[in-house]
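Remarks on the structure that follows.
Because only heavy atoms are used, hydrogens play no part in the values below, and waters and symmetry mates are left out as well, while side chains stay in. Start at 1 and go down the list; that is how both ligands and their atoms are numbered.
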Amino acid sequence: MNCSIDTKCQQLDRSMMDQWGAISFPIYQTATFAHVGLGQSTGYDYTRMQNPTRKQLESIVGYLENGLDAIAFASGMAAIATVMELLKPGDHFIIDEDLYGGSIRLFNEISKKNGLTYTAINMSREDIRPYIQENTKAVYLETPTNPMMNVTDIRKIADITKEKGILLIVDNTFLSPYFQNPLDLGADIVVHSGTKFLGGHHDTIGGFVVVKDQELDERLRFIYKTTGAGLSPFDSWLILRGIRTLAVRLERAQENALKLAYYLRTNKHVTRVIYPGLPDHPGHEIMKKQARGFGAMLTFEVDSAEFAHSILNNVQLIFFAESLGGTETLITYPITQTHADVPQEVLEKNGVTDRLLRLSVGIEGIADIICEFNRVFAIAEKETSKD
Ligand SMILES: *Cc1c(COP(=O)(O)O)cnc(C)c1O
């Protein structure tokens, strides 16, 4: 059906509706399925391979990303690890140097052990072409990046990867399919941490791989059923429910994020506010072209590590926690949390300092979030001026 993405979030696969007409899709909490007869199947044989609740979720995520198929995993990392199984020893890939810390850990600790090599560059600034080798098989990026919010022109990269026959993999977690559809811009594979905006309530862990090519889908489905990191029926149901409100949550969170970005700029201890929705952000125009919004992730820098620590120690309405994409505002300290396993020289090069804080802006009343910042800024000012 050709309708707005808001409406798409409500479109379940009606062919899967049960005989009772349940509007909330049932949780098929079963490991296995009875066969109708020898050589016959209902389409469901064993939950590691297929499960109706998970299938319903996969169908809506595939639909939102304009993909041929979406595969639901037990976590975002399980999804990314499965995609990396497409490569073989001796292959090389190119990554953006500013990525989710867990992905960098995977590439350093697992991919390398499996005989892969990679080159990390700043894709928002550098041309990827000089880094393409004979054995380069994939390009992996996030846009906006985590936590520096650099914006990469997906279509520009896709034109190059297509010409060279290289896979383009985009982690679309930060924007969700509500704001951005990388497959439409030429990406071959989209990955998501479903834990974040898709789930939306910090109540479950999940991940997705979405593709538009049949052959690639078959290879991924084969790895999936073989390695077995499928999302459980109950967790599938939670994310299915989360998606119903994706549109309203993201609109509100984005609205709050922009207001907060302008507010943060007014504080004399805030040295930098990085939010692509600000017209002077270097990636603002590219985002206007390739996305339908700017998201709810915002990074800011304060004038001392002590000031940052004081903020983290004193927040109340806002939670000091790792993760993003839920209804409540979270503040994260990338250097000790999400990016703790990223080598020091990489952090320094990217500007991930001990003065940097990342916000996942929630859907609270913006006046209350600003009031909270006024309060913690006042405390931090007092605490840091003592010595
Ligand atoms: C959280 C996150 C992941 C990993 O997802 P999990 O569900 O925690 O395994 C990958 N990429 C990005 C951008 C993330 O924010």
Taking ring-ring contact (aromatic ring centres under 6.0 Å, His included) as the definition, give me every residue that meets it alongside Y333, ordered by chain and number, with sequence neighbours left out.
H309

Please work out which of the three classes, parallel, tilted or perpendicular, describes the rings of H269 and F307, given edges at 30° and 60°.
parallel

In terms of relative ring orientation, are W237 and F234 parallel, tilted or perpendicular, with 30° and 60° separating the classes?
parallel

Around ligand 1, what residues show up once you keep those with a heavy atom under 4.0 Å from it?
S75, G76, M77, I80, Y100, E142, D171, T173, S193, T195, K196, I205, G206, L324

Partner residues of K156 under the salt bridge (charged side-chain N to carboxylate O under 4.0 Å, His left out) criterion, sequence neighbours left out
none

Could you list the cluster mates of L68? Members are the ILVMFWY residues connected by side-chain heavy atoms closer than 4.5 Å, either directly or through other members.
none

Given the rule in the side chain to side chain donor-acceptor pair (under 3.5 Å) test, do Y118 and D91 qualify, once you have shown the distances and angles that lead to the verdict?
CA-CA 9 Å; Y118 73 81; D91 286 350; over 6 Å; no

